[in-house]
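Scroll down for the structure; my scribbles are underneath it.
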Amino acid sequence: SLLQETTYRPNMRSKFLAGMLFCLLASLVAAQTEEEQPEAAADPEAEPEPMFGTLDYILLAAIGAAAIWWLFFRDSEGDKIPEYEIKPMVVRETSTVEKGFLAKMRKTGRRLVVFYGSQTGTAEEFAGRLAKEGARYGLKGIVADPEEENMEDLQQLTELDSELGPCLAVFMLATYGEGDPTDNAVEFNEKLTNDGMDLNGMKFAVFGLGNKTYEHFNKMGKFADLKLEELGAKRVHILGVGDDDANLEDDFITWKEAFWASVCQEFNIEASSEEFNTRQYEHKVLEDGDFKPEKVYTGEVARLRSYVTQRPPFDVKNPYMAPIKINNNIHNEGSGRHCLHIEVDVEGSRIRYDAGDHVAVYPTNNLELVDKLASLMDINMEQVFTMTNVDEDSSKKHPFPCPTTYRTALSHYVEITALPRTHILKELANYTSDPAEKAKLDEMSSTTPEGKALYQTWVVDDVRHITHILEDLPSCKPPIDHVLELLPRLQPRFYSIASSAKVHPTSVHICGVVVEYQTPTGRVNKGVATTWLQEKIPTGEGEEMVCPKVPVYVRRSQFRLPNRPQTPVIMIGPGTGLAPFRGFIQERAWQKSQGKPVGPTVLYFGCRNKSEDYIYQDELEDWEKDGLLTLHTAFSRDQEEKRYVTHCLRETGTAVWDLLDQGAHLYVCGDAKMMAKDVRNIIGEICREFGKMSETEAETFVKKLESQKRYSADVWS
């Protein structure tokens, strides 16, 4: 205990009684004195008599002794009041080795650990598949989240070699944003950067997940691969670089096959010929009496009933149910598209944000599509079930919150519109009775050139998701539990916040175009989140307003205004790429209203038609009239020749260079595949032409801007 008993002191009752006794004595003395005073006055010359007699003194002495005994020497167990002294609690230090991945490996005899840095769940999925596949080679592995582990324990991995045999660490690392680690790999990245670990002799391999449309393609994977070797680790297989802009699944499978060949050679092992079970979860239907209705998940991300009993702080595992106060279409008639302007209320949530941050929204799958998929699989949607990991030592006990119903799982927990990867097609083939349909699935899941080409055209180009596949291959009848196991987890959708907390401290603004398009097969595919949000319209007015609620949280970003308001900023954001810049300009306007000196604020904005999809037009033009904003616009379809923001950028090259030379910060938001690359190339041209630089000097200059956070991009593909 923190409180330890030490000594005893006289209690308050003892002191009170002693005090009362002395007061009584004093009163008696005073009374006797008053009685004797008149007699003295009557005969002043008479010899005064003593105030107390001998008997009085004896009596007073006895009373005083009793009081002293009562006050200082009497001890009764019932009267003791302990005095407490705060002493530090002794806590036994527990090494992470006793509870982390090393302990699991030692306990289970496994020699393979696969770490994942994942933002959307793909790297985690790949890690699980690789760890399970290791059983073919006598290397069944465990999957570990670096955020939940002490990664310095990697230094002790080689100590298990003598107990278990040679061990291996594999890293599945996605690159997020502009060359950043994923949220769960930030601390691991810092440990690698600090050069503090000694990994001498540790065997490793790295597979990176990235997208070539981004400037810093697979930066995290490349960095980890290089750094692990520098820290003394031994590379067992070459770095794998998956490209999500092409065929990430194909890249992974190709790397994986070569990886196992290298591992077999390094560890002197070979694949088993035994049949390999790929199932990871055991499915159980729950009947009445097998579960408590109040313990059934209804869509919560993690904690049961968290959407009803809300408790801050709110984050990825505990989103806030935010009321939507405003939901408008800010495109004009004739656009043919719907652009959402949504304001979600965060008052009282303790959620804070800065201009440039992202708001994450957890969507619900389209209910018509959910019903169609359920019909194809002929299931009772209200059936309660659970799925439990067959690996008792796994830290991930369920694929999603369980127990739940099939309706909830299909609506809230799995991506039913994601294009299925080839390993899913391979599993679906096992449940297909028609020989031609089965052969088609088998071919697409193979690594032959013909199989890859068929997968590209039939799945990727035709944009077929699981429902389309079951519709087009009617003899394919997979069980619902296997489909739920195979499909990836439904992920939150991120939007650049379109407001400034200085102006709107209790609301977060979202701007996004509703995704809807026709596929080559004639079907209409719809965006999961934007289609769902489109219907979330508040009703009524004033106190009677009913606001639909959506699960949200805010994720911090490095996309930030300069610290000094007088620093010039150049913003390039066509279409909904304007969103974060609306927040930036709101903040600069607020700073100006506070009497702060605000530097040049330049915006390049573009859209299709000025009369149809020029979003926030009135606000932008008002800021321009107030002298806060320098506005350059391009409307691609308002003239015969297409005109984009990149044309405006070239035409104002002199002004752009002058601002960069003055220390301006440059920001790009929007399409990564074309626009962001074009902008970077044009900035290089401007440096060469107006900064009088060589091509090499211009490239070095732009990279320096990026490293100084003076060239920032918030882009998507």
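No hydrogens, no waters, no symmetry mates; every other heavy atom, side chains included, goes into these values. Residue numbers count from 1 along this sequence.
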Decide side-chain contact (heavy atoms from CB on, under 4.5 Å) for K227 and M197; before the verdict, give the C-alpha distance in whole Å, the side-chain angles of both, and the deciding distance to 0.1 Å.
CA-CA 10 Å; K227 210 66 186 173; M197 294 191 290; over 6 Å; no

Would a line drawn from the ring center of H482 to the ring center of Y431 be shorter than 6.0 Å?
yes

Please check if the distance between the ring centroids of F385 and Y406 is under 6.0 Å.
yes

Using a strict cut-off of less than 4.0 Å between a Lys/Arg side-chain nitrogen and an Asp/Glu carboxylate oxygen, indicate whether R523 and E471 qualify as a salt bridge.
yes

Does NZ belonging to K317 count more than 12 external heavy atoms closer than 6.0 Å?
no

Quick check on K372: does its NZ atom have over 12 non-hydrogen neighbours (other residues, nucleotides or ligands) under 6.0 Å away?
no

Take E125 and R489 through the salt bridge (Lys or Arg N to Asp or Glu O under 4.0 Å) test and state the conclusion after the steps.
CA-CA 9 Å; E125 177 202 322; R489 181 84 181 260; over 6 Å; no

Is the shortest side-chain N to carboxylate O distance from D481 to R279 below 4.0 Å?
yes

Quick one, S118 and T182 - any side-chain contact, counting heavy atoms below 4.5 Å?
no

Does CD belonging to E163 count more than 12 external heavy atoms closer than 6.0 Å?
yes

NZ or CZ of R136 within 45° of W260 ring axis and under 6.0 Å
no

K132 side, atom NZ; L112 side, atom CG - distance, nearest 0.5 Å:
13.0 Å

E300 side chain to R305 backbone, donor-acceptor under 3.5 Å
yes

State plainly whether the residues E133 and K256 are in salt-bridge range, i.e. N to O under 4.0 Å.
yes

Taking the side chain as everything from C-beta on, heavy atoms only, tell me whether R493 gets closer than 4.5 Å to L490.
yes

Would you say that more than 12 heavy atoms from the other residues, nucleotides or ligands in this model lie under 6.0 Å from the NZ of K212, or not?
no

Where do N211 and D243 come nearest, in terms of heavy atoms and distance?
CA-OD1, 3.5 Å

One thing to verify: whether K673 and D245 come together as a salt bridge, which I'm taking to mean a side-chain N less than 4.0 angstrom from a carboxylate O.
yes

May I ask you to decide whether E249 forms a salt bridge with R129, counting only side-chain N to carboxylate O separations under 4.0 Å?
yes

Check against side-chain hydrogen bond (donor to acceptor under 3.5 Å, both in side chains), Q558 and D180:
CA-CA 10 Å; Q558 298 298 315; D180 301 317; over 6 Å; no

